[in-house]
Every structure is written in C-alpha cells, then in structure tokens.
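Report on the following structure.
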Amino acid sequence: MEHQKCYLFKPQGGRPAKRRRLNNSDLPSSWPLREATYNELWATQEKRIKDVLSEVNRTTTGEITSFVSASATESRTSAYKIPTGLVVAGPSIASHRTLFEHLGREIVAQTRSAFVLLTSAECPNLKTLLKNLIKNATARSTEEDEDDEVAGNASQKGPKLLTYDLQLLYLWFRIQDLDQLVVAFQDSEAFDGSLLGEAIELLRFWSDRTPFVLLFGIATTVETFENKLPRAAKRCIEGQKFDVTQADEILERVLHAAIDGDDVPLRLGPALSTQLLDRQKDHVQSVDAFVEGLKYAYMSHFYANPLSLLLRKDLKFEQMSGDDFEAVRNLGSFRELAERLLDNGEAALVRSLLDSDAALFNYTRGQLDEGQLKVSSMVGALETLNVLRGCFPKMPVIPLSSLYVRAVSGELNGSPAVRELLISVKKASSDIFIQILDSLLAWTPEDAQSIVCSLRERLAALMESNEDCSTPLRSEHDLRNETLRTTVVAQKVELSKQKSALSKRDAAYSKLVDECHSRLEAYFAEMFINPQEIFLHEIFLYDLKSPHKDAFTPRPRYAVERALSAPQDYLGCDCCRPAAGNDGTESTLSSTQPATTIMYQLYLESGSLINVSDLWSAFQAIMGDDDDEQGLTMALFQRALAELRCLGLIKSSRKKTDHVAKLAWKGL
Amino acid sequence: MKRKRAEKDAAASTPTKKTRADIPGDDLEDEIAVAATTPSKRTPSKPSLIRDLHQARTNGATNGFTNGDLTPRTQRKVLFSTPTKQREDEPVDGTPTNARNPIIRNADRSARRKSAGRLIERTISGDQSDEDVDEEDTLARQIWDEDEEEAEEDILGEVDEEAIPETPSKRGRGRPKGRQRKRSPTPPTNLPPHELYFYQNRPGGTKTSNNTLPSHSLLNHEEYFVQLQSYKDPHADCLDFLHSVHTRSFNQWSFELRNNFNICLYGYGSKRQLVQDFASHLHSTLSDPPTTIIVNGYIPTITPRDILTTIATALLPKNAKLPAQPPALLQLILSTLTSEPPSQPLLLIINSLDAPSLRRQSTQSLLAQLAAHPSISLLATTDTPTFPLLWDLSLRQQFRFLFHDCTTFVSFSGVEIDVVESVNELLGRSGRRIGGRDGVGYVLRSLPENARGVFRILVGEQLAAAAADEGLGDEEGEMSPQTERRVGKAGKQREAAAEQGVEYRVLYHKAVEEFLCSSEMVFRTLLKEFHDHQMVESRKDALGTETLWVPFRREELEGLLEELIV
C-alpha cells in the first residue's frame, strides 16, 4: 500500500470496533457531555460572530450588487466604457478571497449575471488569463444546467476555436439568459500592469456583444492602481470606487461580539487575547483567523479542562464526578477564596465546602454566575468608558480591543485612560455635561438609572434658572475659573493660582459635577476589578497561550533542529545523554545516538562545502571502527546522508568531486 | 618595456595627438605587443592610464599560473619601497623591445608603480602645457597619495605595537613576520548562529581535502538491504515510546478534525505509520467512520490528477464519467460535495505534503481548495523544516491548519526515500543505477559496432578532459589560497566543463570523422539508445550548447574504455 500513489483506506481485521471501543478509556467519562456543551455554547457564539460578519459584508456587497445591476441597463454605444468597480479592500489580503467569493454568490443570486473570479497566480500571461476566464465562465454553466447540450460544441459550426478565443465566451453567453458577465480580478496589484491593460482593451472590443462588468480588488489605493494601468486601458473603463469595511474595524466588531453580553460563557484572558491580537496585527491575517483562534480557545478549554463542564447551565450534581470536585478544591482561586473566607471568620463555610460535594456544587453554581456577571458588567463599563470619552472631542478613541486587554488583566482601574476621563468630567462645562448624562442614561444598567435621572433633573433646574443661555455653566475646576497671578518676591517670580470667585449658579453646578465625578469614579473602581482574582476565573476565563502558539504558529525548523542536535530530548533515553560533567548545553557525540543525528552534528561543524569522504571517516570514527561492521556502518551512513538530503539540508555540488553543499545553518 | 614607456610618454606629453596616422610605424608595433596581452584592445590610439591600470590588474589575476610561478604570492601591496627600487624585481628580460613574454612585463606593474612612473615622467619631461593636469594625472596623484597615507598609518601602528621605535627605512621590506594574521586551525567555538554562518561562509573558508570515496565503498541496493535487515535499532523502545505519546493525541486530533480544522503534523521522522494508526483508530472507535483516502506524496510520480481521481471515484458512482482536466475534476468534486455532502466529512490523509512532487504552487492551491471545503478534512504530514514557505497568507488561510509536533525519529528510509539511489544522485554517481560498469558493458555488447564506437569516443574525450583538469588541479593544489583565489574563477569553469563532459557538436563531428555515422539523425538514434539505458546524461546550458557525459567516475571510465578498445 505504501508504494501506491493514493488509495482508499480499509481498516485491517474484521470487526475490531467493539473491542476497541471498550478500551477507549483514555478520555474521561465526562467528555461526551463536555463536547455537547462545547457544541451548544460555541454554536451560539459562532452565530453572533457570523451575524456581525454578514452585517458588515451586506453593506458593501449590497452597494456593489446594485452597481452591477444598474450597469445592465446602460446602452452600449460606440463610446461605451466598461463599467468598473474598484473595490478597495484594504491590506489584509487573506480576507479578499472570502470577500470576493461572497460577492460572487450575491451577484449571481441577485442580478442576472455570471461571475468569474481571476487571481494573479493563475494568470501569468494574456493567453492563460483568457483561457481561465473562458473556462471558469463556461464550466459554471455546465454544472448548473446539465440537461442542456454542451454549450460550446453544439452551437458551433465553424472551425474549431482555440481555447483562448473570446468567441467561445460569446457563443456561450448568447445561449445563456444573462444580462452581463462580471469579471473580478481578486488581487489586481499582483497582476502585471501591461497584462491588465491588454486584457481590458481586449474585453472592451468584445463588450458590444458580451457585456462585461469588471471588478478590481485593491489592497492599496485607487491612485496606485491607476498609475499601474496603461493610459489606453484607462480610457476603456469607467470606474467607481467602493470602500470595504477595513479588516481591523471588522476585528473590533467581532471581538465585541465575542466578549460582550451576559450569555457569553467563556472569555479570553489577557495573555491569550494579546497574543491573538498581535498575531492579527503582525501577520495581517484575515478576521477568519481570529475567529478560528477564538474557536480553538473554546475547543481547548472544553477538551482539556474537566471543570468546563460547570459552564453548562443545566448541569446536575450527578453529572459531576468526585474527581471534578477535587479539581475545584485544587483551583488556585479556591484557595484564595478559602483564605479570604477564613479571614472573615467564615470557617464553617470553608469546612462545608471542603467536606461536602453537594455544598460545593451549589456554592460554585452561584459563584460562577456571579463571576460571569462581574466580567460581563466590566465589558459593559468599557463601553461606557468609550462612550463618555466620545463626549469630549479632544480625547483620542481607544479601540475596544486594547481596552479589553487592559481591563481583563486588571490594569484599567486608575489607568490614564480612566483618569483622563474623570478629570475632564470635573472640568466639563454644562453643555458637555448634558451630553455625558444623556449617554450615561442610555448606557448604564437599570439600578443606576435613577441616580443619573436625578442628576439630569437637577441640572435642568439649574439651566432654567440661568437666564442667559448663551454661556454654559462652568465648574470650579475649569481652567477659565482660575487666574494665574505672578508676583515678584525677592527678585523671583512666583506663580500662584487663584480661583476666581464663583457665581452662585456655578457653585451649584460644581457641586453637581463633583457628585457625578465621584459616582463615576466609584463605578469604574467597582467595575474594573482584576478578573483573575474572582473565584472560579479559571473556568470562565481561558488564558493558556501555549496550545495556540503550538497549533497556529509552529516552529518546525526549530523542532527538526532540536530533534537532530539533541535527540535525547525526544527519545528520553539514557544512552544519548551528554556525559556527566558536561554542563549539558554542549551536545556531545556518541555512537549510541541515531545515525542521522550524528551526521547532523558533524554537518553543523563543517563549512559550506562538505567532503563526503571526510565525513565518512569522521562518522566511522564515531561509530567505532570495527571492520566486521563496516558494511553496516556504511549502510547507516548512506541512510543518514539520504535523510539529510530529504530534509533539504544538503544538495549535490559540482564544485568538487564527492562534495555536497550545505544548505541550512542551525538557529538562524 | 622602455620602448613602450617612451611611446606612452610621447603620447602623454602630446595629448593632442589622437590619430594613429601620426606615427603609423610605432603604433603598429605597439599594437602587436599589446594584442598579445589583451586581444580585445584593438586601437591603442591613446594609451590611457586607466586602461593600463585595468590591464595590469587583469594580468595580475592571470599571471599566477601563466608564469608557472609556483611560489605563493601575497596579494598585499609591498608598502615600504620606493618605486625605483621595485623595478629590481622585474624580470630582467633581454632587450626592452623583446616582446616575448608581454604578460610578465605588465603583470608586475602595480597601479601604484605606474602612477609613480607617470608622475616622474611628467616632471622630467617638463611639459608645462595647460593640458597636463588631466584626468589621468589626477588619478595617478590620487593613487600615489593614498598609498603614502596607508604606509604612514601602518608605520604608526607598528610603532605602537612593538614599542621599539625604529625608523621605517631601516626595516626590511614587507611585513614583519610576527605581524602576519594567523588563522587558527581550530574553528572558534560557541559562535552565535549568525556569526557561525558568516564564519563558515567566509571567502576562502571552504578548504576541504581532495579525498574521494573509493567507488566500491558505497553499498548498492542489495548490499544495503542485507545490511539493514540484520540491523536492530538500539532505540526501538524509545521510538515506540514516542509513538505511544503521539497516539495519545488521537482523540484530540479527531475532535479537531470534527471541528472543521485540518491538521498538519511536522517534525523529524517518518509519520506514515502514525497516520496509518490514526486512520485505524478512527475506524475502530467511530460508529460511522469517515471515508478515508491516503495519498502518498513522497512517490515521485504522483500527480494532482491521481489524487483527484481517487477522491472522485470514492465519491461518485462507479460508472460516472470523469472529466480529464484536473480543474474540471476539482470543480466536479467540490460541487458534488456541496450538493450531496457525505454524512461524515471525507478524510484525506496526505503523507509528505511537502514532497518535491507536490511542491508546485498550482498543486498546493488545488489541495488548499480541497481542504477548505467543509466536507473534507485533511490530515497532512510534512518532513522538511521549511515547509511553511510553501504557502502564502491566503493558501494558509484556506488550509485552516492546526500544527502538531510529531517527531517520531522513524527513519524515512523504509518507504519515503530510496537511500542508495538518493546518495548516488547526491554524489553524482547516478550511473550506478543501471548496475554499474558491468551493466553498461553488458548493454554495449548488445549494441552495434558504430554505437560502441560513439560511446568509446565519448568516454575517451571525457577522460581526456578529466586528465587535463587533473593536471591543472594539481597545480592549483600547490598554490597558496591567495593565488588559488585569483585563478579560482577560470579554474572552476574549466573544472565544471570537464565534469560536464563533451559537447554535442564535438562528439558528432568526431563520430562523422571516424565514419561511425553519416547523418545527424543516425547519430541521434545512437544517442537515444544510450539515453534509454541511462548510460549518458546531457544538459543544455544557457547558450543552448548541449553537453553529454557518462555518469561514471574516472576509474570506472578507464575500465570501460579498456573494454571498448579490446
């Protein structure tokens, strides 16, 4: 089988199924329930994210689709220019494909057009471009209406056409019931400029028979794209620009969907979210990659952590095993809780939690809900913070992602972002203050509404008593209510601040502002707690970096180099361990190591050109020069050499006889 | 020498003289002398210093062996010497007009000495015309000054170093022995990786011995298998342990595949058995196991079409007609999967996704399209350490890979690579493929007389070229690295040519001369026979000249030639 190219796998043996299923005990008994929980919870989460994404897509695809259908009605005169959509999709190239595929589906569904997507990789020259264009267009039709006779050949009576003749496309188009043909160039920057030019001009010649609409995906700017096109081609098209929602904006919205809401079961911890967001930024990945990362976080949590079971809302006591309860008692946050409770003199509660599984179960259920509530209200407070900051025109907008990372690591309380806001609130004049209160009214939870309302009413009363509404009320902290006084004392200038006298109304207003300020301060202090101090945070915050790092950003080169230079790390055998007395960092050669690793270490020491004969002598010296075994040693030598070649570490060299060239250096 | 200088002097002192018509006789002679050195220089209308300098340099680069000069020459300029003194080591070579060995004459004239000469001439001739400060003079002055500075710097440095003040004039010529930078024979240890790279790639750093492996020492297929059959890996237990470690992840992989991720296993060692076990595991634990297709990417002849056809036959009814072109086939597969998705996603297992036969961009993008479909799960293994370079951002996105380190330490030699063949290719001994020299002898005996004749010429020519190369090689061996470096380029070219064998045209003409064939077509037919038996390899270079060679080593070739002549 192994020498066959590809084959259908057939399990060996008759029915080993039963036997095997019995000893499939390496998964804990709670796993099926956990997987079910995962499936339910992730499904709801995924739906939220999908809604956000399709919402985002709808706006842009809607515009483009209407553009396409509008161009169908245009008359094709001699001065006709091909209607062209310039889709500015931003620098995250990875998401372009999904965008255009989505676009294609929408266009085909909503307008009477066919859609062909071309990428630069499949179009190195004009001939292949046309060939692909025709092939993609006609292939689509045959799969949709297979009962029709094959379009090209049946209707064609004349000489056989070449595969890149646009006549083929025209013949096909004629028998389709379509208004136009949309040709999309997914990565137009990657196309050769003159190739695009030629293609456009050629399509222009045919556009009186086959009405084309062109779409160009642009990662940079329309201007750069325009410079790339030859002038003659530019004359053939009439462009309209479409701005697609940029990837980082979509990311913010996806993140928002992933963390905001009372029913979000699991949130990302600070380390992991930083890692995911950084990866997004550094590698310009598509939003899909972020969603995948999030999904994998859910997967890992439910797969590896038995306590994730607790996230199930309808969990029953019987569904948890004794081991699970032991695991709860071993949680770091449980220990902290116990200490806290003991300090408060609640030893009886601690005792019962330690002794009774049932008590622990009930307690954790309550605490878990509470903890999740705390985190979700923290996310809510983030939004309040952002909205309030929006009231002040000069304050820079901080993206939710960075606020979230700071909040979830417990750094937000007392941070500059909050302090700046609080100071500004203090200094706010009444017109801004009204805005603040209005937005607070819209954003604060029910219980705080009354406080805001009363503040709002008192402010309204103050404003009414203010006869001349032209000047807003000012608080005592406003800079305009302070004067700087300079005095010269003993030839030194002294600066001193002095509060100017406040009017009565202003004083009343200042009181109001102060009250609001202190309430806000208290609110933020209450909200921005460190989530990692909450009991059971291990269950509703997932913050393990290493599974993601290993699964998404592997270091294969390092892994192979390590395996070859320190085989004992993987093999775990004693024979290959560096001799005692060595500091362990330096790898030593011994004949017991696998042949390839010995060769690799010899390889590391040699220069860029290796004499195989000398390599053989060195290898033989290490393996021990027993004459009887020379054949075997040679066999191992040849095998190791072939493996190094297979790994792409050496290649043959023509510089000297029996020499090979070194291709890789360790650790680079 | 003098003659030439005088002439140049004349030319230089009267820069207005531009045409050769002015002194036809002189120029003619000069042309002959110069043509011997650099054939490209045809019209010495005005001897320019720049050209002279250039000439000196090129001559210097070649004179290392044209001289037959075997003593190591240092490339460093001799610093403490006056220009007059240096004439001493010019070869005293009969009359100045004697142009017997013009290379030597020019070779020893360093740029600096020429500049000096020029400056002196300028002062002596006393030509104070306004054109005297021309470009060349400034250049000469510059070179002279530069060297002066350098010399001064050196003196200062030395004084500091040796702490014994000594007048530079009293010192001997050249650098003092103690100052020569010594290259230590042992390589420096504990270099950081990047430093090690530069250390190992330093110019002239690749000095390797000329030892070669005796041709009989490498094992052939038979011997190799005999040896390995008796071999027991001392680490078998460890390998089993590693395997069992990876086996424990099977459930995790299965979970990941269920969740629409694809898996890529990397790390050193063959992962074929592991993957095979995983497939069995799935089939034994799941009540509704997925249809599993295994693709062996390491097989050199595999094509994308093979993969697609296998998938299509697994998906579609037996009598379905499959389109011939891979893209159409792919479309068919994807649309079938979309319209009637199987109850379980199809499991596609690809061994060695980064194998050479699957490395093409189009193949990878095709596989990515398959992998991106929700009804296909892909479990791929990769062997090389640099496989992520195969995919750009969008391919990677399509693959939706989760990576797992599965270092198994299982040798690739079992199935993935043909060790004996691979090593022979690596060492350029692919001729062993057809059973070595004996095999070729056997084939030759069955061929007609004229075919044997052509082969004899080819082998003979190749040996002659190798012999010529050998002679040069010996010379090079005795030269110091510096001279070797100077000759390096020309030498290497010759060497490569010798290794590549005989030019197609040459061989054809020789064959015609010996009445072995009458037309090129007959010649081609004869060659084809050799090609079919892999007795001859050919290559076209950038200019389109085809060279042919017999892929054997020298001693084997000699043996072959003997057999052919007898």
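Computed over heavy atoms, backbone and side chain alike; hydrogens, waters and symmetry mates excluded. Convention: sequence-line order gives letters A, B, ...; per-chain numbering from 1.
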Segment of [X] engaging chain B (4.5 angstrom heavy-atom cut-off):
X	answer
A/Tyr558	neither
A/Arg555	backbone
A/Thr597	side chain
A/His96	neither
A/Glu561	neither
A/Trp31	side chain
A/Arg639	both
A/Asp288	both
A/Lys651	backbone

Self-check item: Distance in Å, B/Lys232 NZ paired with A/Leu632 CG, rounded so as to fall on 0.5 Å steps
Solution: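 Nearest 0.5 Å value for the NZ-CG distance: 13.5 Å.
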Exercise. Could you tell me the separation between the CG atom of A/Leu647 and the CD1 atom of B/Ile417, rounded to the nearest 0.5 Å?
Key: 8.0 Å
Under 4.5 Å from a heavy atom of chain A, the part of [X] involved:
X	result
B/Tyr197	both
B/Ser413	both
B/Tyr298	side chain
B/Pro323	neither

Which residue out of [options] racks up the most heavy-atom pairs below 4.5 Å with chain B?
options	answer
A/Ser652, A/Pro556, A/Ser606, A/Gly667	A/Pro556
A/Phe9, A/Phe552, A/Phe637, A/Tyr296	A/Phe9
A/Ala304, A/Ala664, A/Ala551	A/Ala551
A/Lys662, A/Glu35, A/Lys666	A/Glu35

Sub-3.5 Å donor-acceptor pair from the side chain of [X] to the main-chain atoms of [Y], do we have one?
X	Y	result
B/Gln227	A/Leu636	no
A/Gln638	B/Leu219	yes
A/Tyr303	B/Gln252	yes
A/Lys295	B/Asn259	yes
B/Glu223	A/Gly631	no

Quiz prompt | A/Tyr570 and B/Phe409 aromatic ring geometry - parallel, tilted or perpendicular at 30°/60° bounds | solution = tilted
Quiz item: Do A/Tyr38 and B/Phe255 have ring centres separated by under 6.0 Å?
Solution: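 So the answer is yes for these two rings.
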Quiz item: side chain to side chain contact (heavy atoms under 4.5 Å, CB included) between B/Asn210 and A/Asn611: does it pass, once the steps are laid out?
Solution: CA-CA 8 Å; B/Asn210 287 333; A/Asn611 184 331; over 6 Å; no
Return yes if a side-chain donor-acceptor contact under 3.5 Å exists between [X] and [Y], otherwise no.
X	Y	result
B/Ser394	A/Arg97	no
A/Lys135	B/Gln325	no
A/Asp658	B/Thr212	no

Quiz item: Considering residues at least two apart in sequence or located in another chain, which fulfil the side-chain contact (heavy atoms from CB on, under 4.5 Å) criterion with A/Ala618?
Solution: A/Leu602
